[in-house]
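Both counts, for ligands and for their atoms, begin at 1 and track the order of listing.
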Amino acid sequence: MTTKRVKMEDIRLVLGDLGCTIKRFGATVVSFTKAEREGLFVSKQAVLDGSKPIRGGIPVVFPVFGADPAGQLPSHGFARTSVWRVLDQPSASKVTLCLTPAEAEWKLHPSAFRLEYEVELLLPNSLRTSLRVMNFSGLLNEDGFEFQCLLHTYLNIGKDISNVRVVGLDKAKFVDQLHPLPRTVLASGHASRIDQEVDHIYFGDAGLGEEEELVVECEGKPAFSCKRSFRLFAAKQFQCDVVVWNPWVEKARKLQDFGDDEYKEMLCIEPGNVGRRDVLRGGEDAVLTQTLSLL
Ligand code: BG6
């Protein structure tokens, strides 16, 4: 494998009429295009100077989802605010970025993690993003570390969220994070329309089929296909959860790096491992993969 270090310029991938731009800050994919169509939403008010996570694209969430129970790490962890290095760029359409404790801006996490993030364009219409989490402290380390991870994907759904529907969630159970106590697990039982603030975790081990894709329809037509997988090999944990998030009117107004009306233009469909806090022991790894296709 060739190792390249690049400066802080954006990384640009191309393949046919597909294009992708990645910031080393947070390894955040900020653009995925097919011809003239942009598949990812980035807020016009997103802060791009490295002082806070990027509001849009695909921020990488690790090692905590939401608030850290220990109260030490920032919300959604430090991967999205650390500067990653380029490990390998074997072709114009593929790159692997890497984050280790030496590069991570947050020093409190156990020092044995290593993240490798592969971003690849695939013809005719897809972007594959695959996050490998490793504990490389050696096989004798039985303690390991707890982690959650998630690809916080902001879809660019056009101008009118009221015409959007998510197909494929109908059999899944979920927790509504807007009413977290008690964390009642609800049955979905319908295809989701987004007509209010939504912050749901759909559980991979509760009806969300592992191989089934989610299809996001805009104005009655399929617009995105979102495929996912999560593999924690040693624990034989193979289920992938999905978070569906839209801040809607009130929360949009409170977010400083988000326009008041931009909730109409985006929907987050976020595959990850967030229903549990899995432990990764020395020598073990886990892989979270998303394949996003523009239909
Ligand atoms: C989602 C969470 O993943 O991210 C929401 O489910 C959260 O609860 C949202 O509000 C945005 O988080 P942040 O930290 O980027 O504002």
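- Between R276 and D278, at least one side-chain N (NZ, or NE/NH1/NH2) sits under 4.0 Å from a carboxylate O, which counts as a salt bridge.
- Salt-bridge check for E250 with R253: passed, with a basic side-chain N closer than 4.0 Å to an acidic carboxylate O.
- The contact set between ligand 1 and D199, taken as ligand atoms under 4.0 Å from a residue heavy atom, comprises 2 (C), 5 (C), 6 (O), 8 (O).
- At the top of the distance list for atom 12 (O) of ligand 1, counting protein heavy atoms only, stands H76 NE2, 3.6 Å.
- A heavy-atom distance below 4.5 Å is not found between the side chains of K264 and D160.
- Considering backbone and side-chain N/O of E270, one or more are found under 3.5 Å from N/O of ligand 1.
- Within the 4.5 Å cutoff, the side chain of T153 has heavy atoms near those of the P271 side chain.
- Each of the atoms 11 (C), 13 (P), 15 (O), 16 (O) of ligand 1 lies under 4.0 Å from some heavy atom of R55.
- When side chains are defined from C-beta on, R114 counts as touching C98, because their heavy atoms get closer than 4.5 Å.
- Regarding atom 10 (O) of ligand 1, its nearest protein heavy-atom neighbour is W245 NE1, 3.5 Å.
- Residue H152 places at least one N or O, backbone or side chain, under 3.5 Å from an N or O of ligand 1.
- Scanning all protein heavy atoms for the shortest distance to atom 14 (O) of ligand 1 gives R80 NH2, 3.0 Å.
- The closest side-chain heavy-atom distance from V175 to H200 is not below 4.5 Å.
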